[in-house]
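These notes are about the structure you will find just below.
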Amino acid sequence: MAAVLEVEIGGPEVREAAAVADEVDLSDLAPEERWRVEHARMHAKHRGHEAMHAEMVLILIATLVVAQLLLVQWKQRHQRSYNMVTLFQMWIVPVYFTVKLHWWRFLGVWFLFSLVTAFITYRATRKPLEQTTPRLVYKWFLLLYKMSYATGIVGYIAVMFTLFGLNLLFRIKPEDAMDFGISLLFYGLYYGVLGRDFAEMCADYMASTIGFYSASGMPTKHLSDSVCAVCGQQIFVDVNEEGIIENTYRLSCNHVFHEFCIRGWCIVGKKQTCPYCKEKVDLKRMFSNPWERPHVMYGQLLDWLRYLVAWQPVIIGLVQGINYCLGLE
């Protein structure tokens, strides 16, 4: 049986292999022979479809290019609507696949994240804004950001350990070690992206409500030297003093902020300007410790992955719809 199936794919030998493969009961074969039978069936099914396959590849490339151009134009012209739609897709698209594939553990974590984040978002969008809300929001998203960063790093290390075969030192099967690493990597990247997008939305609402910052135009309030423009609370620790809980940061524009506030504003909320005067923030100067800079680079990686998670499934679905309408399989 195996000798018959090992024929080279091509010409009349395809028909012979396919005819034999159709008569085979896969349940009676070893895994290697079963793969050969399925391989022969696939080649017999798609024989003579080279032109159709080339057309499908061209449709895929053209759709990717056109979709990328449209997304860029949408983001430039209507950034607010683009961000809201992307955030919704980031939140809901993976749930469809997890329910379909019965990944209940991910669904449980997603539900817990959604519950807490919904409460935080509700607090951030209320008017008038409570005095404790900004610090609560930034602390939650900063905690979520650090947890996703650590989870992603552990997942990446697990994947590298598996690729180099170090998992065998602990008598762990390669497939188990790889599944563990990829799962942690996905958890870290997904919740890192989603948390940053929710944090950016909350940052806009809170800052505009407080009045020291507006997305366009002049602030509605004058900033005192002893008030933080992010949370609106008094600053009691001098810039040159060492705080017990947190320090005070001064930007290049001479405006001062609470440490947690400006970190949340720049890293978590993705705002690269001063919350009051909109001057460009020098992140290298603000985070002089080299161990803090990877968090900034990690944030840039999450921005890139947003397109992959939110829009790639939609584009692939669009390509499949086009192929279906054109009768391509």
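Everything numeric in this text was worked out from a predicted model, so none of it was measured.
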Next item on the list: Let me see the working for Ile153 and Ile157 under side chain to side chain contact (heavy atoms under 4.5 Å, CB included), right down to the final yes or no.
Entry: CA-CA 6 Å; Ile153 291 297; Ile157 293 175; 3.9 Å; yes
Note to self: If hydrophobic clusters are built by linking Ile, Leu, Val, Met, Phe, Trp and Tyr wherever their side-chain heavy atoms come under 4.5 Å apart, do Leu184 and Ile182 end up in the same one?
What the structure shows: no
Check: Does any non-hydrogen side-chain atom of Ile61 lie less than 4.5 Å from one of Val57?
Finding: yes
Margin query: Once you measure the plane-to-plane angle for Trp91 and Phe88, does it fall in the parallel (<30°), tilted (30-60°) or perpendicular (>60°) bin?
Written below: tilted
Notebook entry, point to check: Roughly how far apart are Leu194 CG and Met90 CE, rounded to 0.5 Å?
Noted result: 5.5 Å
Note to self: Tell me whether the count of non-hydrogen atoms from other residues, nucleotides or ligands lying under 6.0 Å of CZ in Arg126 goes above 12.
What the structure shows: yes
Margin query: Could you tell me if Trp104 and Thr98 have a donor-acceptor pair between their side chains, going purely by distance under 3.5 Å?
Written below: no
Item checked: Distance (rounded to the nearest 0.5 Å) between Tyr122 OH and Cys202 SG -> 13.5 Å
Note to self: Determine whether a donor-acceptor pair (N or O, by modelled atom type, separation under 3.5 Å) exists between the side chain of Thr117 and the backbone of Ser114.
What the structure shows: no
Next item on the list: Please tell me if the side chains of Phe257 and Thr248 come closer than 4.5 Å, counting only heavy atoms from C-beta onward.
Entry: no
Notebook entry, point to check: Of all heavy-atom pairs between Pro94 and Gln89, which one has the smallest distance, and what is that distance?
Noted result: CD-O, 3.8 Å
Checklist line | Hydrophobic cluster membership, Phe164 vs Phe170, 4.5 Å side-chain cutoff | finding: yes
Margin query: Does the plane of the ring in Tyr191 sit parallel, tilted or perpendicular to the ring in Tyr187? Use 30° and 60° as the thresholds.
Written below: tilted
Margin query: Could you see if Val93 belongs to whatever hydrophobic cluster contains Val109? Use Ile, Leu, Val, Met, Phe, Trp, Tyr and a side-chain cutoff under 4.5 Å.
Written below: yes
Notebook entry, point to check: Crowded around Met178 CE? As in, over 12 foreign heavy atoms under 6.0 Å?
Noted result: yes
Checklist line | Met160 CE: over 12 foreign heavy atoms closer than 6.0 Å | finding: yes
Check: Hey, what do you get for CZ (Phe180) to OG1 (Thr162), rounding to the nearest 0.5 Å?
Finding: 9.5 Å
Check: Roughly how far, to the nearest 0.5 Å, is CG of Asn323 from CD of Glu55?
Finding: 8.0 Å
Notebook entry, point to check: Under a single-linkage definition using a 4.5 Å side-chain heavy-atom cutoff for Ile, Leu, Val, Met, Phe, Trp and Tyr, are Leu185 and Phe97 assigned to the same hydrophobic cluster?
Noted result: yes
Checklist line | Atom pair CG/CG of Leu107 and Leu112 - distance to nearest 0.5 Å | finding: 11.5 Å
Checklist line | Sub-4.5 Å side-chain heavy-atom contact between Asn83 and Asp197 | finding: no
Margin query: So Trp74 and Leu71, do their side chains get closer than 4.5 Å, heavy atoms only?
Written below: yes
Next item on the list: Kindly determine whether Leu87 and Phe198 satisfy side chain to side chain contact (heavy atoms under 4.5 Å, CB included), including the steps that lead there.
Entry: CA-CA 8 Å; Leu87 177 59; Phe198 272 107; 3.8 Å; yes
Check: Any idea which heavy atoms bring Asn167 and Ala177 closest together, and the distance?
Finding: CB-CB, 3.9 Å
Notebook entry, point to check: Is it true that atom OH of Tyr82 has more than 12 heavy atoms of other residues, nucleotides or ligands lying nearer than 6.0 Å?
Noted result: yes
Check: Do Leu60 and Ile316 pass the side chain to side chain contact (heavy atoms under 4.5 Å, CB included) test, and can you show the C-alpha distance, the side-chain angles, and the key distance before you say yes or no?
Finding: CA-CA 8 Å; Leu60 174 62; Ile316 297 300; 4.1 Å; yes
Check: If you round to the nearest 0.5 Å, how far is CE of Met147 from CZ of Phe113?
Finding: 11.0 Å
Next item on the list: Check Ala124 against Val137 and note the closest heavy-atom contact, atom names and distance.
Entry: CB-CG2, 4.0 Å
Margin query: Walk me through whether Ile59 and Leu326 qualify under side chain to side chain contact (heavy atoms under 4.5 Å, CB included).
Written below: CA-CA 11 Å; Ile59 291 175; Leu326 297 178; 3.7 Å; yes
Check: How close do Leu136 and Ile120 get, heavy atom to heavy atom, and via which atoms?
Finding: CG-CD1, 4.0 Å
Note to self: Parallel, tilted or perpendicular, judged at 30° and 60°: which one describes the rings of Phe106 and Phe186?
What the structure shows: tilted
Notebook entry, point to check: Is it the case that more than 12 heavy atoms not belonging to Trp103 sit under 6.0 Å from its CH2 atom?
Noted result: no
